[in-house]
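Here the structure is a predicted model, which means the values were calculated and not measured.
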Amino acid sequence: MNIWAAADPVPQIGEHALLILLTQIAVLIGVATVLGKVANRFGLPSIVGELSAGIVMGPSILGSISPDVENWLFPAVAAQQNLLDAVGQIGILLLVGLSAAQLDTAFVRRRVGVVASVSAGAFVVPLGAGIAAGFLLPDTLIGKGTSNVTFAVLIGTALSASAVPVIAKTLLEMGLLHRNVGQLTLASGTVVDAAAWVMLSVVSAMATVGVRAGKIVWTIASLVLLVAAALLLLRPLVKVVLDRAEKHSDQRTTIATVVVVILGCAAATQALHLEAILGAFVAGVVVGQNRAALLAPLRTVVMTVFAPLFLATAGLRVDLSVLADPRVLLAGVGVLAVATASKFVGSYAGARVVGLPRLESVALGAGLNARGAVEIVIAMVGLRLGVFGAEAYAVIVFVAVVTSVMAPPILRWSMSRVDHTTEEEQRAQLHEKWETAPGRE
């Protein structure tokens, strides 16, 4: 045996698989852009059209009109779907990281009590309401061999989540991230999502090996240690590199450094069996909001290419045809009502308890109601574990998309009646730098 013999090279992506992937990306970005413009014409943010793009190109519409075209373009092949998902995941991690970089950490620290109260209400109330609803849903929605308790807890977990990627893009598009409510919504949404991922690990254990207190404690401790390491060790190092790059107006070094930090932190949380989105958010906080000017080109690409692609792929997973069954439709409408009411009531109550004005509390309830991709991921985990049947999966995805579409109009209505503060105007001037890139490199 020749130990020096070279190993066979790993085969490249197949010619047909590459053709499908490139076609998928081009079609989804194109359709998402067009439908985003249509949404703008009706006074809605483009995120509504981008989510709808996946529904139009997926089994709900294209699959009904031309099944052969839909099957060719989006074949039910795991490896092919994973390629598209991977591209979308990179984009959404960058979006979350860049959005977190626009977070006013000094303001959030001053309002930590508000964030804690809103997060608690926005998580606990929907979790309890979802668990109760889970026990009332028909047994036909439960996966074979799954207990009613596990199913109900997973329904509660899905309803308790918010969706930081969807919230971030909505706030950015509507020009609300610089508002105090926007800052509180993004910070609270991150806390809620972190709690939802911990709950998801609990449900996964319930469905497989059983709940172990040590594992839950380790999950929470890992998250705390990661945040501490990022803020105490990584932030000073990143600051030195970015300060030097900014001094020389070196966009390339700045952008490359930020991308490495975001994806590296995302990989760290993934390695700890936490959601990569949490790591991307922590990375954005590490970068800080003073790097806006040099990061403008990256933000433009992410907002116009990667984020619409990700949102469209989320919509692809919706098959509205199952709602033709009256039982499933009734269950979907019922879960949607519980999800919307409980999230709004919990967020609103949490805000009012700490003295936030009524309209700002309404805006927080609307913003945190968007569940988008996070709830879809939870639904996919439920399907993989066998806790959800195909109909339950469709119901949860339906709720995720509808709540994400509902949020922007209520946000616009409530925030149009809230006066700007001096602090918000100062923050707006800083955020304007994200819109334009300097000409010098």
From [X] [atom1] over to [Y] [atom2], what is the distance, rounded to the nearest 0.5 angstrom?
| X | Y | atom1 | atom2 | result |
| --- | --- | --- | --- | --- |
| Gln183 | Leu176 | CD | CG | 11.0 Å |
| Leu62 | Glu70 | CG | CD | 5.5 Å |
| Ile90 | Ile92 | CD1 | CD1 | 12.0 Å |
| Leu278 | Gln270 | CG | CD | 10.0 Å |
| Leu21 | Leu83 | CG | CG | 5.5 Å |
| Thr190 | Ile277 | OG1 | CD1 | 10.0 Å |

Under a 3.5 Å distance rule, please check whether [X] uses its side chain to pair with a backbone N or O of [Y] as donor and acceptor.
| X | Y | result |
| --- | --- | --- |
| Arg179 | Val418 | yes |
| Lys169 | Ala307 | no |
| Thr150 | Thr146 | no |
| Arg417 | Trp413 | yes |
| Gln80 | Ala17 | yes |
| Lys343 | Ala122 | yes |

Identify the heavy atoms of [X] and [Y] that sit nearest to each other, and give their distance.
| X | Y | answer |
| --- | --- | --- |
| Ile410 | Ala366 | CG2-CB, 3.5 Å |
| Ile396 | Ile155 | CD1-CD1, 3.9 Å |
| Thr170 | Pro408 | CG2-CG, 4.0 Å |
| Thr403 | Thr340 | CG2-OG1, 4.0 Å |
| Thr269 | Ala276 | OG1-CA, 3.4 Å |
| Leu35 | Ser52 | CD1-C, 4.0 Å |

Is any side-chain heavy atom of [X] less than 4.5 Å from a side-chain heavy atom of [Y]?
| X | Y | answer |
| --- | --- | --- |
| Ile131 | Leu159 | no |
| Leu316 | Gln81 | no |
| Phe344 | Val362 | yes |
| Val77 | Ile20 | no |
| Arg235 | Val238 | no |
| Thr304 | Pro308 | no |
| Glu173 | Ser46 | yes |
| Leu184 | Val118 | no |

CZ of Arg41: more than 12 outside heavy atoms within 6.0 angstrom?
no

Please say whether more than 12 non-hydrogen atoms of neighbouring residues, nucleotides or ligands are located less than 6.0 Å from CZ in Arg358.
no

Begin with the C-alpha distance, continue with both residues' side-chain angles, and end with the deciding distance and a verdict on side chain to side chain contact (heavy atoms under 4.5 Å, CB included) for Thr313 and Phe74.
CA-CA 10 Å; Thr313 58; Phe74 301 106; over 6 Å; no

With Cys265 as reference, evaluate Leu234, Val286, Leu226 under the side chain to side chain contact (heavy atoms under 4.5 Å, CB included) test and give the passing residue.
Leu234

Applying the side chain to side chain contact (heavy atoms under 4.5 Å, CB included) criterion to Ser188, which one of Ser117, Ser347, Ser119, Ser162 satisfies it?
Ser119

Any residue meeting ring pair (Phe, Tyr, Trp, His ring centres under 6.0 Å) with Phe123, in chain and number order, not counting sequence neighbours:
none

Report the C-alpha distance between Phe151 and Phe135 in whole Å, list the side-chain angles of each, state the deciding distance to 0.1 Å, and finish with yes or no for ring-ring contact (aromatic ring centres under 6.0 Å, His included).
CA-CA 8 Å; Phe151 175 80; Phe135 283 112; 8.9 Å; no

Evaluate the criterion side chain to side chain contact (heavy atoms under 4.5 Å, CB included) for residue pair Leu323 and Phe398; output intermediate values, then yes/no.
CA-CA 9 Å; Leu323 298 178; Phe398 166 72; 3.8 Å; yes

Does Arg352 come within less than 4.0 Å of Glu360, counting only side-chain N to carboxylate O?
no

Pair Val305-Leu309, side chain to side chain contact (heavy atoms under 4.5 Å, CB included): steps then yes or no:
CA-CA 6 Å; Val305 177; Leu309 176 63; 5.8 Å; no

Taking salt bridge (charged side-chain N to carboxylate O under 4.0 Å, His left out) as the test, write out the residues that go with Arg109, two or more places apart.
none

Could you check Arg110 against Glu423 for salt bridge (Lys or Arg N to Asp or Glu O under 4.0 Å), going step by step and ending with a plain yes or no?
CA-CA 13 Å; Arg110 292 196 303 271; Glu423 183 181 32; 2.3 Å; yes

